[in-house]
2 protein chains.
Amino acid sequence: MLEPLDFYFDFSSPYGYLASEKIDQLAARYGRQVSWRPILLGVVFKRTGAAPLTLVPLKGEYSRHDFARSARLLDVPYTHPANFPLATQHAARAYYWLHDENGEAARRFAQVLFRALYVERRDISDLDVVLELATRHGVDRDALFAALTGPALKERLQAECGAALDKGVFGSPYIIVDGEPFFGVDRLPQIERWLDSGGF
Amino acid sequence: MLEPLDFYFDFSSPYGYLASEKIDQLAARYGRQVSWRPILLGVVFKRTGAAPLTLVPLKGEYSRHDFARSARLLDVPYTHPANFPLATQHAARAYYWLHDENGEAARRFAQVLFRALYVERRDISDLDVVLELATRHGVDRDALFAALTGPALKERLQAECGAALDKGVFGSPYIIVDGEPFFGVDRLPQIERWLDSGGF
């Protein structure tokens, strides 16, 4: 049995969104599945000292230009969120809560969240928006609300972020293929080559 | 007459070196020349708040792994320098001094400097090493020494760095094609596609 690819991302990462639209199909071409692992870049940046991309002088302007350009290159719809950067702890916690019930439903819900943010321009930092999207996705709103406002799920996400840091994850998307790390959506062609040839 | 590509780099940048081994041939396939423009990342990082890649927690380990991996992917020889990161003002100033006499000789000297650092593991932060390499390259050592220790060339490099910042350059390599910016050696395939199709 081939190992799944580990796909680390923050819902607030445009490059993470672009990767999310491609990674499953890419992996499937090589008989692989993908383990989706949302994290909080805020936690990661405390370790690395980095700042949100769009807030960095010069790099911020380039990145806003490049989000749209990369989306065109990948043929993925993209509109820049009105509220950006944004807090994604509700989204990430909802993902893990759902994941423990049904991994495939959680993966599909992650896509719902990403597309709500980057296609429909919904503000998924808002707890009510996450609850609304989850309800439309067939989730019990009251149960999710109770979980999202309790301590266990908060600790769960903290543990996931800590485990990601232990794996060396410093950004989004960060994809690990059989122990080999790749950072950035622009590395998808390299990941494909790696899967195709078993290394380079 | 098609415009040359602007190729900004720091001699201390491994990804800049890798790009330097490919950019002229890539551009030539589309009838383009390349204007090589060494800068100092130290000056750029003062504006952006960034730190040298290898000194960033987690990202540093990844980058050291990725320098060698990217070199294998591009089929370019690479050995990590013993002294790294390193100061490159002598190298960059020598480039511009030579450039004002003979642009093609300067471009070839830039390759001599890059290969001295990343293949032969010479410490090109050392003024004597730059002078030795220049002398072997046919340069008048005394004239270059006088220029490298005078104020004019220092100001010239400062002006080049300032002009690069004005163009939005925040890292190395940073390549501008007809006003379109691309950051990183992993964007070479995108640059090729851009040149081939006139945009995407």
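Convention: sequence-line order gives letters A, B, ...; per-chain numbering from 1.
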Side chain, backbone, both or neither: which part of [X] has an atom under 4.5 Å from a heavy atom of chain B?
| X | value |
| --- | --- |
| Y174(A) | side chain |
| V169(A) | backbone |
| S197(A) | neither |

Y62(B) side-chain N/O to G168(A) backbone N/O, donor-acceptor pair under 3.5 Å: no

How about [X]: does its [atom1] atom have over 12 heavy atoms from other parts shown lying under 6.0 Å from it?
| X | atom1 | value |
| --- | --- | --- |
| D75(B) | CG | no |
| F145(B) | CZ | no |
| Q33(B) | CD | no |
| K167(A) | NZ | no |
| E104(A) | CD | yes |

Look at [options] and state which one has the largest set of heavy-atom pairs under 4.5 Å with chain B.
| options | answer |
| --- | --- |
| L165(A), L73(A), V56(A) | L73(A) |
| Q190(A), H65(A), R187(A), E61(A) | R187(A) |
| R193(A), R69(A), R47(A) | R69(A) |

Separation between CZ of F170(A) and OG of S63(B), rounded to the nearest 0.5 Å: 7.5 Å

Gap separating the CG atom of L58(B) from the CG atom of D166(A), nearest 0.5 angstrom: 9.0 Å

Cluster overlap Y15(A) with F182(B), hydrophobic side-chain contacts below 4.5 Å: no

F183(A) reachable from L55(B) in the ILVMFWY side-chain graph, under 4.5 Å edges: no

